[in-house]
Amino acid sequence: MALNELKKELNKMEKTEIIKLISELYKKVPDAKNYLDIYATGETKELAEKYKKQIEKYIYPNGRNMELRETEARKIIRTVRKMKITALNVELELHYVSCCLEIIEDFGYWNENYYIALGKMFDNAINGIYELGMQDKYNEKIMFLSSKASEYGIELDY
């Protein structure tokens, strides 16, 4: 069903029916619950912590072969971006960059695609920070990440 068709159906419904539908979505669809929680409260901290743990699970090496699965971490971030909550996106993107820099530092990991993905994630975070007008809030963290990256020949310009 296309969005326009959905809107037509919703317009036909009574307010109580729409509330019931949204309540069911809230109970049954975790991503809808997350979105509606943020919509209602404006608070992203709890959800950011949940996603940060998931990101860490994929970025840090796992198992006997020390397998890196940062692509899975990027999938989480892409999914969250669809909610269009810039503050949440920035938190997760900066966390991703921080975790990746730790991998480089701890394991001496070198992979050009890894560095490129890290740079793109940093750029996305910077764009979000400018969009929110929150340069002062993030300045110290950005400067730290940029400095740490330069130790490994990675340019993260701010």
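Heavy-atom basis, side chains included; hydrogens, waters and symmetry copies ignored.
Atoms CG and CG, on Leu47 and Leu88 in that order, are 5.5 Å from each other to the nearest 0.5 Å. With values rounded to the nearest 0.5 angstrom, Lys148 atom NZ is found 11.5 Å from Leu156 atom CG. Atom CD of Glu9 is separated from atom CD1 of Ile18 by 11.0 Å, given to the nearest 0.5 angstrom.
Among residues two or more places apart in sequence or in another chain, the salt bridge (charged side-chain N to carboxylate O under 4.0 Å, His left out) test is passed with Glu49 by Lys52. Contacts of Tyr114 classified as ring-ring contact (aromatic ring centres under 6.0 Å, His included), with partners at least two apart in sequence or in another chain: Tyr109. Partners of Glu70 according to the side chain to side chain donor-acceptor pair (under 3.5 Å) rule, which considers only residues two or more places apart in sequence or in another chain, do not exist here. Taking Lys53 as the reference, nothing meets the salt bridge (charged side-chain N to carboxylate O under 4.0 Å, His left out) condition, with sequence neighbours excluded. Glu46 meets the side chain to side chain donor-acceptor pair (under 3.5 Å) test with no other residue; sequence neighbours excluded. Under the side chain to side chain donor-acceptor pair (under 3.5 Å) criterion, Glu17 pairs with no residue, sequence neighbours left out. Evaluation of the salt bridge (charged side-chain N to carboxylate O under 4.0 Å, His left out) rule for Glu24 yields Lys27, Lys28 as partners, not counting sequence neighbours. Looking at residues two or more places apart in sequence or on another chain, you find no side chain to side chain donor-acceptor pair (under 3.5 Å) involving Lys7.
Within the structure, salt bridge (Lys or Arg N to Asp or Glu O under 4.0 Å) contacts touching residues 79-90 (residues at least two apart or in different chains) are Arg81-Glu93. Residues in residues 131-144 take part in these side chain to side chain donor-acceptor pair (under 3.5 Å) pairs, two or more places apart or across chains: Thr86-Glu131, Glu91-Tyr138. Sorted by first and then second residue, the salt bridge (Lys or Arg N to Asp or Glu O under 4.0 Å) pairs with a member in residues 106-129 form an empty list; sequence neighbours excluded.
Under a 3.5 Å cut-off, the side chain of Ser23 and the backbone N or O of Ile19 do form a donor-acceptor pair.
Under the side-chain contact (heavy atoms from CB on, under 4.5 Å) test applied with Leu145, the options Ser98, Ser150, Cys100 reduce to a single match, Ser98. Paired with Val80 under the rule side-chain contact (heavy atoms from CB on, under 4.5 Å), one option of Ile55, Leu92, Thr44 passes, and it is Leu92.
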Return all side-chain donor-acceptor pairs below 3.5 angstrom for residues 32-42, not counting sequence neighbours, or 'none' if the list is empty.
unit_1 : atom_1 : unit_2 : atom_2 : d
Lys33  : NZ     : Asp37  : OD2    : 2.9
Asn34  : ND2    : Pro30  : O      : 3.4
Asn34  : ND2    : Tyr51  : OH     : 3.2
Asp37  : OD1    : Tyr26  : OH     : 2.5
Thr41  : OG1    : Asp37  : O      : 2.8
Thr41  : OG1    : Glu43  : N      : 3.1

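Taking both residues in full, the closest heavy atoms of Val97 and Phe122 are given as CG2-N, 3.7 Å, listed atom of the first, atom of the second, then distance.
Annotation for Phe144: atom CZ does not count as buried by contact number, only 12 or fewer foreign heavy atoms lying within 6.0 Å. By the 6.0 Å contact criterion, CD on Glu151 is enclosed, its count of non-hydrogen atoms from other residues, nucleotides or ligands being greater than 12. Annotation for Met143: atom CE does not count as buried by contact number, only 12 or fewer foreign heavy atoms lying within 6.0 Å. Applying the 6.0 Å contact sphere to NZ of Lys50 captures more than 12 heavy atoms from other residues, nucleotides or ligands.
Taking the six-membered ring where the residue is Trp, the centroids of Tyr152 and Trp110 are separated by 6.0 Å or more.
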